[in-house]
Protein chains: 2
Amino acid sequence: MARPRKPLLSRQLIVETASALVDAEGLDAVSTRRLAAELGVSGPSLYNHFRNKDEILDAVADAISAQVDLSMFDEDDGRDWRTALHDWAVSYRAALLAHPHTVPVLARGPGRRPAGLRLADAVFGAMVRAGWPPAQATRVGALMRYFITGSALGSFTAGFVGDAAAYDPADYPHLGQAHLLADRGEGIDEDAFETGLRALLDGLELQHRALIRS
Amino acid sequence: MARPRKPLLSRQLIVETASALVDAEGLDAVSTRRLAAELGVSGPSLYNHFRNKDEILDAVADAISAQVDLSMFDEDDGRDWRTALHDWAVSYRAALLAHPHTVPVLARGPGRRPAGLRLADAVFGAMVRAGWPPAQATRVGALMRYFITGSALGSFTAGFVGDAAAYDPADYPHLGQAHLLADRGEGIDEDAFETGLRALLDGLELQHRALIRS
DNA sequence: ACCTGAACACCGTTCAAGT
DNA sequence: ACCTGAACACCGTTCAAGT
């Protein structure tokens, strides 16, 4: 068939298909041949639209960053900086957890992905407007990202395996009473995220007050 | 040659060689064939010592967790819980940053890796001893892990590309003045980590005081 | 410009065969 | 028990050839 009169592929179509494939079967399922098959096309065709496979995965990750709500950082949004940061963190984490297989790609940093940059830009702008000196505003954006991506990636509960036999109390004297596992399940991650977020914001508020006072 | 009179390989030797290879050339450089070649052996030999490649990488990651200092959580160590948590966080992050290519593997959670579990156990035990209720102690361990691994993984600075041309001020109105890049360089990550860690501990102290008082 | 098949240099893993 | 070579079913990517 060679070249069709109307292109069979587009960057958007490739990204959407790849994204669905990652969500359904994990990162390992995305090979160029498999993805191409899903698109009804032969493997090398993808290279007309992306330089390589990593670029495709970057685009998939960026599509997720693009879903993160940033309206709380708008200049005319009423929320104070603390509330804005809180709401953003919750929205950011939810977007990541909706696509858990993609988190490792996202966690590599904003890179050249435009939505990741837009995100960093919005946080920075809002913090400066709230009175944080630029250097501090940069740190706030970075440290919030640490916590949020860390919480999505290193899901505490998921990290532990199901069967309790793996945890010999002789090796881990305290873990037995920790009722870490089936007991509470995913709630632990929710609770830890909320507890940590509150602690982080409480601590930042202390620093902000000290700054303003001087 | 078939079976040698004395084994050519051991789990330890494989892990050490794999670790060096990851550090020197990154995660992608570790293929079973390449690793075997580095060991002067043929590819399938590895399967006499590990079930599969992932198990090898898990062992590499666990070897790093094992390097994290945990002495601050000893029962007879003088440090209060806040100082212990702080010192542990610094030591943990340093261990991760010493092997940046391995962080994505580590960040998948403790899994069955014994050193990862020992770490979670030590934190939990020390927090309970310091007066945190068990459920809270679990959260503290988890949220600290979020922040620490997130900071090692999503290195803010490394995430941005070098050339400023990538950042059109029209797209990112605030980022221009952010002097994010070459200006400060890696210091940003250091500063953000320290700022975040202090905020986190300040916030936790508030919660701890509220708990004790009741 | 955009797709194809063929080809290259790889993969992870299984397995029978050797000692 | 522990290594080998051969084999299977894959990879990512390049490239000449087609329209």
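Reminder, nothing fancy here: chain letters follow the sequence lines and each chain counts from 1. Because the structure is a prediction, the values reported are computed rather than measured.
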Indicate the ring-plane relationship of A/F193 and A/F147, choosing parallel, tilted or perpendicular according to the 30° and 60° boundaries. parallel

Below 4.0 Å: OP1/OP2 of D/dT4 and any side-chain N or O of B/S42: yes

Roughly how far apart, to the nearest Å, are D/dA9 and C/dA9 at atom C1'? 16 Å

Please, what dot-bracket string fits DNA chain C when only Watson-Crick and G-U pairs with both distances under 3.5 Å count, crossing ones use [ ] and pairs to another strand use |? ||.|||||...|||||.||

B/L35 CG to C/dT13 C1', straight-line distance once rounded to whole Å: 15 Å

Once you round it to whole Å, what is the distance between C1' of D/dT13 and CZ of A/R51? 14 Å

Minimum-distance nucleotide to B/R3 side chain [options: D/dC3, C/dT19, C/dT13]: C/dT19

Apply side chain to side chain donor-acceptor pair (under 3.5 Å) to the pair B/Y92 and B/D87, showing each step before the final yes or no. CA-CA 9 Å; B/Y92 197 170; B/D87 293 353; over 6 Å; no

For B/E55 and C/dT13, give me the distance from atom CD to atom C1', rounded to whole Å. 14 Å

In whole angstrom, what separates A/L39's CG from C/dC3's P? 10 Å

What's the closest nucleotide to the A/Y47 side chain, out of D/dA1, C/dC3, D/dG12? D/dG12

Is B/S31 touching bases, backbone alone, or none of the nucleic acid, heavy atoms closer than 4.0 Å? sugar-phosphate

Report which part of the nucleic acid A/R33 touches: base, sugar-phosphate, or nothing (heavy-atom distance under 4.0 Å, all strands). base

Between C/dC2 (P) and A/I14 (CD1): distance, integer Å: 11 Å

Which residue pairs pass the ring pair (Phe, Tyr, Trp, His ring centres under 6.0 Å) test with at least one member in residues 25-75 of chain A, sequence neighbours excluded? A/F73-A/W88

I want to confirm an ordering. Mapping A/P44 and B/S10 to their closest nucleotides on DNA chain D, which one lands closer to the 5' end? B/S10

B/H49 side chain N/O closer than 4.0 Å to the phosphate oxygens (OP1, OP2) of D/dC3? yes

Taking CG from B/N48 and C1' from C/dT13, how many angstroms apart are they, rounded to a whole number? 13 Å

Return the CG to CE distance between B/D69 and B/M72, rounded to the nearest 0.5 Å. 4.0 Å

Flag, side chain of A/T149 to backbone of A/R145, donor-acceptor distance under 3.5 Å: yes

Rounded distance (nearest 0.5 Å) linking atom OG of B/S151 with atom CG of A/L143: 10.0 Å

Starting at atom CG of B/L8, determine the distance to atom P of C/dT19, rounded to an integer number of angstrom. 16 Å

I'd like to know if the side chain of B/H101 and the backbone of B/L27 have a donor-acceptor N/O pair within less than 3.5 Å. no

Nearest-angstrom distance from the residue atom CG of A/L46 to P of C/dG5: 14 Å

Consider the side chain of A/K53, meaning its heavy atoms from C-beta on, and name the nucleotide among D/dG12, D/dC3, C/dT4 that approaches it most closely. D/dG12

Please determine whether a side-chain nitrogen or oxygen atom of B/T32 lies at a distance below 4.0 Å from atom OP1 or OP2 of C/dT13. no

Less than 6.0 Å separating the ring centroids of A/Y146 and B/Y146? no

